[in-house]
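A short write-up of the structure that comes next.
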Amino acid sequence: MTSADTQEQITTVASTLVLAYGLHPAEITRIPEGTATDNYTIVDQTGHRHFAKVYRTGEHLDLERASIELSEYAADGGVGTARATRTREHELLETHGRLPMSLWSYVPHTETAEGNLAGARWAAVGTAMGRLHSRLAAHPAAAPTLEPGAAVCDVVTARDRFERLIHAYQRRLRLGEFETWALQAARERQAILGDVERTLASLPQLTVQILHGDMAGPNVLLENDEVAAIVDFRPPTPGYLAWEIARLGCDPKSVLDNSAESWLTGYTDLTLAYRDANPMASVDDLLSSLRVGCAAMLCSAFPLSVPVERPHIVDAALEAYGRVRHEAALMLLDRLPVMEEALRDALY
């Protein structure tokens with residue numbers, strides 16, 4: 001987006017805030033982050049701060065509304081989230097003006113959990129996630145069920161995807177540095193999918209329930225050693241509880257920024273705090289989370305596939321994330337038996 005486009009959008013956001021929300025902005029600042037939305041911080045004339053998400057198209061607004069409703073459902077159950085501000089017509093989503101948008105309470109003085117899990121933060125994150133999952137287990141969209149753990153990943157589909165990705169890179173006349181690395185990483189993944197398949201085959205039945213949907217480090221906001229808010233929910237969809245625990249606990253940057261022993265101590269703290277906050281959780285879900293997280297990361301072609309499928313979003317941050325995620329997944333696979341034994345000792 002050019003500076004002229006940004007300024008035009010800011011002007012439109014300002015008028016939408018006045019007409020739809022009765023809010024008069026004194027300052028509007030664009031936030032660089034945001035893959036599917038354009039995000040802004042707002043300071044109104046009373047000095048209060050807000051957060052605005054502008055949806056780039058009018059498509060899938062029903063899913064966006066469902067995501068906001070899930071966030072509100074969690075908040076109504078005592079889970080720390082950012083609250084959505086309703087329009088003058090009491091809607092969670094403004095869809096009548098030129099820019100569809102949602103407005104949120106601003107969570108100040110925070111940093112994300114991505115690469116920032118250490119010390120007491122591990123237990124704080126476990127407690128927050130346990131409370132969230134306990135609340136979502138009662139969501140009317142779907143009751144928790146037990147499903148075969150091996151189905152958390154489709155290794156056959158993953159093998160085919162890596163094969164097509166390798167061929168796509170090989171057909172190119174010239175590869176950049178990241179593309180060369182991504183090709184090699186894809187070959188490594190393809191070569192160990194047999195190990196992944198055996199890893200999955202040993203899993204017991206695991207809990208499937210409504211989840212946050214994108215429980216990753218960037219969506220958990222920390223204030224000092226506490227969780228200030230969990231944000232950016234997805235529409236209510238059943239998924240494996242163990243995967244969402246691992247998605248946050250096995251944050252690649254946190255895995256690699258610590259020694260393996262230090263990281264495992266933190267992960268153990270997370271699971272113990274999670275169990276205290278969600279006592280209905282099965283020990284199998286907690287113990288299997290390492291295996292599930294490792295397998296899911298190794299079966300995923302993201303972001304190795306991005307230069308082929310969405311080259312316009314490739315940047316230095318995505319390239320760095322791709323390398324870290326690949327290295328972390330390989331480390332987990334290599335040390336999985338030792339780590340699972342240590343986690344089992346703590347949980348039983």
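Position 1 is the first residue of the sequence; numbering continues from there.
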Sole candidate of Phe233, Tyr73, Trp243 that passes ring pair (Phe, Tyr, Trp, His ring centres under 6.0 Å) when paired with His212: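 The passing option is Phe233.
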Determine whether [X] and [Y] fall in the same hydrophobic cluster, where Ile, Leu, Val, Met, Phe, Trp and Tyr are linked whenever their side-chain heavy atoms lie under 4.5 Å apart.
| X | Y | value |
| --- | --- | --- |
| Val107 | Leu132 | no |
| Ile42 | Leu221 | no |
| Ile28 | Met101 | yes |
| Leu336 | Val152 | no |
| Val43 | Tyr40 | no |

When you look at Ile210 and Thr237, which way does the side chain to side chain contact (heavy atoms under 4.5 Å, CB included) test go after all the steps? CA-CA 5 Å; Ile210 298 299; Thr237 306; 5.6 Å; no
Enter the distance from [X]:[atom1] to [Y]:[atom2] here, rounded to the nearest 0.5 Å.
| X | Y | atom1 | atom2 | answer |
| --- | --- | --- | --- | --- |
| Leu286 | Thr271 | CG | OG1 | 6.0 Å |
| Met297 | Leu333 | CE | CG | 10.0 Å |
| Asp195 | Leu200 | CG | CG | 11.0 Å |
| Trp181 | Glu188 | CH2 | CD | 8.5 Å |
| Arg83 | Glu72 | CZ | CD | 4.5 Å |
| Cys153 | Arg291 | SG | CZ | 12.5 Å |

May I have the step-by-step check of side chain to side chain contact (heavy atoms under 4.5 Å, CB included) for Ser102 and Leu92, ending in yes or no? CA-CA 7 Å; Ser102 57; Leu92 290 170; over 6 Å; no
Residue pair Leu99, Asp38: steps toward the side chain to side chain contact (heavy atoms under 4.5 Å, CB included) verdict: CA-CA 11 Å; Leu99 290 178; Asp38 294 317; over 6 Å; no
Does [X] reach the side chain of [Y], with side-chain heavy atoms less than 4.5 Å apart?
| X | Y | value |
| --- | --- | --- |
| Tyr267 | Ser289 | yes |
| His48 | Leu23 | no |
| Asn39 | Trp104 | no |
| Asp44 | Pro25 | no |
| Val13 | Gln9 | yes |
| Leu270 | Ile245 | yes |
| Leu330 | His326 | yes |
| Asp232 | Arg234 | yes |

Enclosure of Glu177 CD (heavy-atom neighbours >12, cutoff 6.0 Å):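 Check fails, neighbour count at 12 or below.
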So, [X] and [Y], do they make that salt bridge, N to O below 4.0 Å?
| X | Y | value |
| --- | --- | --- |
| Glu244 | Arg247 | no |
| Arg161 | Asp154 | no |
| Glu111 | Arg121 | yes |
| Glu309 | Arg164 | no |

Heavy-atom closest pair, residues [X] and [Y]:
| X | Y | value |
| --- | --- | --- |
| Tyr240 | Leu211 | O-CD1, 3.5 Å |
| Arg323 | Phe178 | NH2-CA, 4.1 Å |
| Leu304 | Ala182 | O-CB, 3.9 Å |
| Pro307 | Glu179 | CB-CG, 3.9 Å |
| Ala158 | Leu193 | C-CD1, 4.0 Å |
| Val227 | Ala124 | CG2-O, 3.6 Å |

Are any side-chain N or O atoms of [X] and backbone N or O atoms of [Y], one a donor and one an acceptor, separated by less than 3.5 Å?
| X | Y | answer |
| --- | --- | --- |
| Asp285 | Val283 | no |
| Ser71 | Ser67 | no |
| Asn224 | Glu226 | no |
| Ser134 | Gly130 | no |

Tell me whether the rings of Tyr321 and Phe302 are parallel (<30°), tilted (30 to 60°) or perpendicular (>60°).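 Plane angle between 30° and 60°, so tilted.
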Assess whether side chain to side chain contact (heavy atoms under 4.5 Å, CB included) is satisfied between Gln205 and Asp284, documenting all intermediate values. CA-CA 8 Å; Gln205 286 198 313; Asp284 281 343; over 6 Å; no
Exercise: do [X] and [Y] side chains pair donor with acceptor under 3.5 Å:
| X | Y | result |
| --- | --- | --- |
| Arg325 | Ser300 | yes |
| Tyr274 | His133 | yes |
| Arg65 | Thr95 | no |
| Glu163 | His167 | yes |

Hey, which of Met129, Met215, Arg131 is the one that makes side-chain contact (heavy atoms from CB on, under 4.5 Å) with Ile230?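 Among the candidates, only Met215 passes.
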Give the C-alpha distance, both sets of side-chain angles, the deciding distance and a yes or no for salt bridge (Lys or Arg N to Asp or Glu O under 4.0 Å) between Arg88 and Glu94. CA-CA 10 Å; Arg88 283 175 159 176; Glu94 160 53 27; over 6 Å; no
